[in-house]
Protein chains: 2
Amino acid sequence: MARAATTADAFNAVAEPLRRDILDALADAERSVGEVVDLLGLGQPQASKHLRVLREVGLVDVRDEGRRRLYRTNAHALRPIHEWVSRYEEQWNERFDAVDTVLEELKESES
Amino acid sequence: MARAATTADAFNAVAEPLRRDILDALADAERSVGEVVDLLGLGQPQASKHLRVLREVGLVDVRDEGRRRLYRTNAHALRPIHEWVSRYEEQWNERFDAVDTVLEELKESES
DNA sequence: TTGACACATGCCGATATGGGTATATATTGA
DNA sequence: TCAATATATACCCATATCGGCATGTGTCAA
């Protein structure tokens, strides 16, 4: 059998560091491909391809403006990730970190 | 140049659906490899390999008990993901969803 | 219409991936 | 010591991935 498709969902799209950088760059403002290229120092096809993946997963929206194409992050598509990860959140919260701290201090005072 | 290493961080480890399932299975209780195999219906080597990836990224802790090996989810390693995703959280919150709703209704009433 | 720009795609090479089968390694019990 | 059990590894296959180069496609301006 073969490898599982990996560019199919938000989890995979976001697994690539460059794509996270791109999302960060498009989070606050609409930008053209060229701007992304300059901003992150990528090759133009490289940028286009990553943007394609992000688009297919719904992580970015596109808008045509003349011969430029303006991309913008669509955070909604990150929700599934947030929801999945949040289920584990209580395991590292302040409450629990506080316990950790106490344990650390105990360990300290023992030595 | 080559493909980027993908089993190197939590983002990538978690990109594989089966590994999320494994983490979910190990979140509430320590389990042996065999139990994971039975629980998720995996091949034994398959399970061992995914557990290896999770271990290398720190997403699971291991403990030897006789000839069995007990794994358990370590949610702390999910923190980087949570932190990154959370920066986008406000963009899908109720407040904003409310705005979306209004816009939707406007669009509706136009047609 | 033609040329310049902005972007998307096709193709290739090197490599990493996930699954399967077979085998090594370690621990327990007889 | 030897068989059985529990995991981990090695190896192979089919395929997906990322990056780079070359080229297609669409848009503007003269």
Side-chain angles (χ1 to χ4, degrees), chain A residues 1-23 25-26 29-73, chain B residues 1-23 25-26 29-73:
Chain A
M1 226 157 281
R3 182 194 212 177
T6 74
T7 25
D9 61 4
F11 282 96
N12 281 286
V14 155
E16 166 67 28
L18 249 60
R19 286 197 284 259
R20 289 200 296 278
D21 291 343
I22 293 177
L23 287 176
L26 300 176
E30 230 177 17
R31 286 187 215 282
S32 69
V33 177
E35 287 170 329
V36 173
V37 166
D38 292 345
L39 221 58
L40 302 180
L42 308 176
Q44 178 266 309
Q46 195 185 359
S48 279
K49 285 177 204 167
H50 282 304
L51 284 167
R52 187 188 216 282
V53 173
L54 293 171
R55 209 188 327 146
E56 287 175 346
V57 178
L59 272 165
V60 294
D61 291 328
V62 206
R63 182 171 73 87
D64 279 14
E65 195 220 41
R67 56 185 153 185
R68 302 198 310 152
R69 190 159 285 194
L70 301 177
Y71 286 87
R72 176 166 219 160
T73 298
Chain B
M1 227 158 279
R3 180 192 214 179
T6 74
T7 24
D9 61 3
F11 282 94
N12 281 287
V14 155
E16 166 68 27
L18 251 62
R19 285 196 284 259
R20 290 200 296 279
D21 292 343
I22 292 177
L23 287 176
L26 301 175
E30 228 176 19
R31 284 188 216 282
S32 69
V33 178
E35 287 169 329
V36 173
V37 166
D38 292 344
L39 221 57
L40 303 180
L42 308 176
Q44 178 266 310
Q46 195 185 0
S48 279
K49 284 180 209 163
H50 282 305
L51 284 167
R52 187 189 216 282
V53 172
L54 293 171
R55 208 189 327 148
E56 287 175 346
V57 178
L59 272 166
V60 295
D61 292 328
V62 206
R63 182 170 74 85
D64 279 16
E65 195 219 42
R67 56 184 152 184
R68 302 197 310 152
R69 190 160 286 193
L70 301 177
Y71 286 84
R72 175 165 220 161
T73 297

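Letters go in sequence order (proteins before strands), and every chain restarts at 1. Reckoned from all heavy atoms, side chains included, excluding hydrogens, waters and symmetry mates.
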Pairing residues for A:R20 by the side-chain hydrogen bond (donor to acceptor under 3.5 Å, both in side chains) criterion, not counting sequence neighbours: none
Nearest-Å distance for atom pair CG/C1', residues A:L70 and D:dT27: 14 Å
For DNA chain D, the residues among residues 36-50 of chain A that have a non-hydrogen atom under 4.0 Å from it: A:P45, A:Q46, A:K49, A:H50
side-chain hydrogen bond (donor to acceptor under 3.5 Å, both in side chains) against B:R52, all qualifying residues, sequence neighbours excluded: B:E56
With sequence neighbours excluded, residues passing side chain to side chain contact (heavy atoms under 4.5 Å, CB included) with B:V33: B:V37, B:A47, B:S48, B:L51, B:Y71
Between D:dC18 (P) and A:R52 (CZ): distance, integer Å: 13 Å
Proximal nucleotide (of D:dG19, D:dA8, D:dT9) relative to the A:L18 side chain: D:dG19
Interface residues of residues 61-69 of chain A with DNA chain C (non-hydrogen, below 4.0 angstrom): A:R67, A:R68, A:R69
Residues in side chain to side chain contact (heavy atoms under 4.5 Å, CB included) contact with B:D61, at least two apart in sequence or another chain: B:N74
Distance, rounded to the nearest Å, where B:E16 contributes CD and D:dA16 contributes C1': 13 Å
Sequence-distant partners of B:R68, salt bridge (charged side-chain N to carboxylate O under 4.0 Å, His left out), two or more places apart: B:E65
Below 4.0 Å: OP1/OP2 of D:dA8 and any side-chain N or O of B:Y71: yes
Contacts of type side chain to side chain contact (heavy atoms under 4.5 Å, CB included), residue A:L39, not counting sequence neighbours: A:A25, A:R31
Rounded interatomic separation in angstrom, taking CZ from A:R20 and C1' from D:dC18: 15 Å
Heavy-atom side-chain proximity of B:L26 to B:V36 below 4.5 angstrom: yes
Estimated bend of the helix from C:dT1-D:dA30 to C:dA30-D:dT1 (axis per five terminal pairs, rounded to 10 degrees): 10°
Value in whole Å for how far the P atom of C:dT15 lies from CG of B:N12: 19 Å
Short side-chain N/O contact from A:S32 to OP1 or OP2 of C:dA6, under 4.0 Å: no
Side-chain heavy atoms of A:L18 within contact of A:L40, under 4.5 Å: no
Heavy-atom side-chain proximity of A:I22 to A:L42 below 4.5 angstrom: yes
Side chain to side chain contact (heavy atoms under 4.5 Å, CB included) involving A:R72 - partner list, sequence neighbours excluded: A:E30
Salt bridge (Lys or Arg N to Asp or Glu O under 4.0 Å) pairs, two or more places apart, involving residues 34-50 of chain B: none
Spacing between A:L54 atom CG and D:dT17 atom P, to the nearest angstrom: 13 Å
